[in-house]
Amino acid sequence: MLCPALAGSRTSNIFIYGKTGTGKTAVLKHVFDRFSSETQKLGRNARFVYVNCRLLGTEYRILAALATAFRVRVPFTGLATAEVFHRLTSALAKRPGTFVLGLDEIDALVKISGDNLLYELTRINESLPSSSVSLVGVSNDLMWKELLGPRVLSSLSEQELVFHPYSALELADILKQRAQHAFRPGVVSDSVVALCSALAASEHGDARRALDLLRVSGEVAERNQSDVVNEKHVRMAQGVIERGRVFEALTSLPLHSRMILASVLLLTRRGCDVTSGTVYSAYKDLCGLLNVEALTQRRVSGLISELDMMGVLATKLMSFGRYGRTKKLKLLVPVDDIASVLDSDEVLSPLLTHPPPDVRSRPPLNTPE
DNA sequence: CATCCACAGGAAGGACGGGGGT
DNA sequence: ACCCCCGTCCTTCCTGTGGATG
């Protein structure tokens, strides 16, 4: 699909779908690399730029990253988004060529700030007389297209590509091949490979998961001074990976999000019902104890939604008729895991290990379960 | 049927840290 | 040095809402 770039002409916009761990990003990066070196050899002025929309987070930062890739220096804040766009455009106009922008996790961009930037990007060519810009959008949300306006949709999906999940057999092939490089012969048996791939296949065929699982299994085996990797190590590795992910996600959370999480933890431990209302008052008490100014209920509600989207919490809207509507919260992560993360938090841990007697919530709603 | 609870979540705007241009 | 503008994070204010109750 990108071959026209070799001849110096514009490529179609491409849209790539597929679940996580099916190799979209890997393929995109690899293809971009190959094309970069090929076009260089041919002496074409072509650039293949990769950005990850979700990691960058905002419209502005994505544009700034694109600009930086074209050696346009922009500050991390202070400029209007439109201004950055303008600078990018004029930089592109100055050096004629073929430019392909790979926008990974493009669904995140649209969910955060709408399809405006995409729209602008699809019609950037109109103001570039001698260069061409085309887009490669990558999304792991198949239903995501519905968020797009028709004007963007038609121009973005000139060509489409779907990456199907790997089957357990395909995963096993990948793992076997990697295992040959990473392990001494005979250390990893076929049954271990089969288990890793089966576990990953059951989680929608995520190859990254499978590889991580095998790698960590090896580490676990090594730590246990075992000469071979066996099924038990794989099971242990599963737990290690899970905890690692949780730990990383939670420790990087801002203070107030961690405090909200601590409130949920306290309420859960005490067996109170955990709803947005009770959590907020527990959170406020926590703020009082820490001498921190509490955020408003509105903001806390927003932070809870963020935790929900991260998959730390599950929320469920419940209606009790006359007794109002509320969001029930449930931790999706084992209580002990969260506790151990918060325990290593120097600000919050004293409150969790010796919970003061009256960090309490409002009296529970007298409603039937 | 209307009411009303206890919130959800949208809109608008303000404080702040940090630009650009002159 | 000055002014104005920007994105981010948060607040304030507001309207919307599912369903038991009167």
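Just so we're on the same page: letters track the sequence lines, and every chain starts at 1. These numbers come from the heavy atoms of this one structure, side chains and all, not from hydrogens, waters or symmetry mates.
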Q: Any side-chain N or O of A:Thr296 under 4.0 Å from OP1/OP2 of C:dT11?
A: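 Yes, because at least one side-chain N or O of A:Thr296 sits under 4.0 Å from OP1 or OP2 of C:dT11.
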Q: Figure out the OH/C1' separation between A:Tyr323 and B:dC4, and round it to whole Å.
A: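 Spelled out: OH on A:Tyr323 to C1' on B:dC4 is 11 Å.
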Q: Please confirm whether the backbone N or O of A:Pro4 pairs with a side-chain atom of A:Ser9, one donor and one acceptor, at under 3.5 Å?
A: yes
Q: Rounded to whole Å, please give me the gap between CZ in A:Arg73 and P in B:dG20.
A: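 Those two atoms, CZ and P, are 7 Å apart.
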Q: Side-chain N or O of A:Lys327 versus OP1/OP2 of B:dA6: is the shortest distance under 4.0 Å?
A: no
Q: Parallel, tilted or perpendicular: which describes the rings of A:Phe35 and A:Phe48, with under 30° parallel and over 60° perpendicular?
A: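 Ring orientation of A:Phe35 relative to A:Phe48: tilted.
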Q: Give a yes/no on whether any side-chain N or O of A:Ser319 is located under 4.0 angstrom from OP1 or OP2 of B:dA6.
A: no
Q: Touch check for A:Ala82, heavy atoms < 4.0 angstrom, all strands: base, sugar-phosphate only, or nothing?
A: nothing
Q: Under 4.0 Å between a side-chain N/O of A:Arg325 and OP1 or OP2 of B:dC5, yes or no?
A: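 For B:dC5, neither OP1 nor OP2 has a side-chain N or O of A:Arg325 closer than 4.0 Å.
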Q: Classify the side chain of A:Arg298 and the base of C:dT11 as holding, or not holding, a donor-acceptor pair under 3.5 Å.
A: no
Q: Tell me: CZ of A:Phe85 to P of C:dC6, nearest whole Å?
A: 17 Å
Q: Rounded to whole Å, please give me the gap between NE2 in A:His86 and P in C:dC5.
A: 18 Å
Q: Rounded to whole Å, please give me the gap between CG in A:Leu253 and P in C:dC9.
A: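 Checked: the CG to P distance equals 13 Å.
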Q: Between atom CD in A:Gln297 and atom C1' in C:dC13, what is the gap in whole Å?
A: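 Interatomic distance, CD of A:Gln297 to C1' of C:dC13: 13 Å.
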Q: When you compare the side chains of A:Thr25 and A:Asp104, does any donor N or O come within less than 3.5 Å of an acceptor on the partner?
A: yes
Q: Enter the distance from A:Arg209:CZ to A:Ser197:OG here, rounded to the nearest 0.5 Å.
A: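 OG of A:Ser197 is found 14.5 Å from CZ of A:Arg209.
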Q: Looking at every strand, decide which applies to A:Glu59 at a 4.0 Å heavy-atom threshold: base, sugar-phosphate, or nothing.
A: nothing
Q: Are the side chain of A:Lys327 and the backbone of A:Lys316 linked by a donor-acceptor contact shorter than 3.5 Å?
A: no
Q: Hey, does the side chain of A:Ser305 come within less than 4.0 Å of B:dA8's phosphate (OP1/OP2), counting only N and O?
A: no
Q: Between C:dC9 atom P and A:Leu295 atom CG, what is the distance in whole Å?
A: 12 Å
Q: Find the distance A:Arg299:CZ to B:dA8:C1' and express it as a whole number of Å.
A: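 From A:Arg299 CZ to B:dA8 C1': 15 Å.
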Q: Of the nucleotides C:dC9, B:dA8, C:dT21, which one has an atom closest to the side chain of A:Ser276?
A: B:dA8
Q: What nucleotide among C:dC6, C:dC10, B:dC5 has an atom nearest to a side-chain atom of A:Ala80?
A: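 The answer is C:dC6, which lies nearest to the side chain.
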Q: Does A:Thr81 place a side-chain N or O at less than 4.0 Å from the phosphate oxygens OP1/OP2 of C:dG7?
A: yes
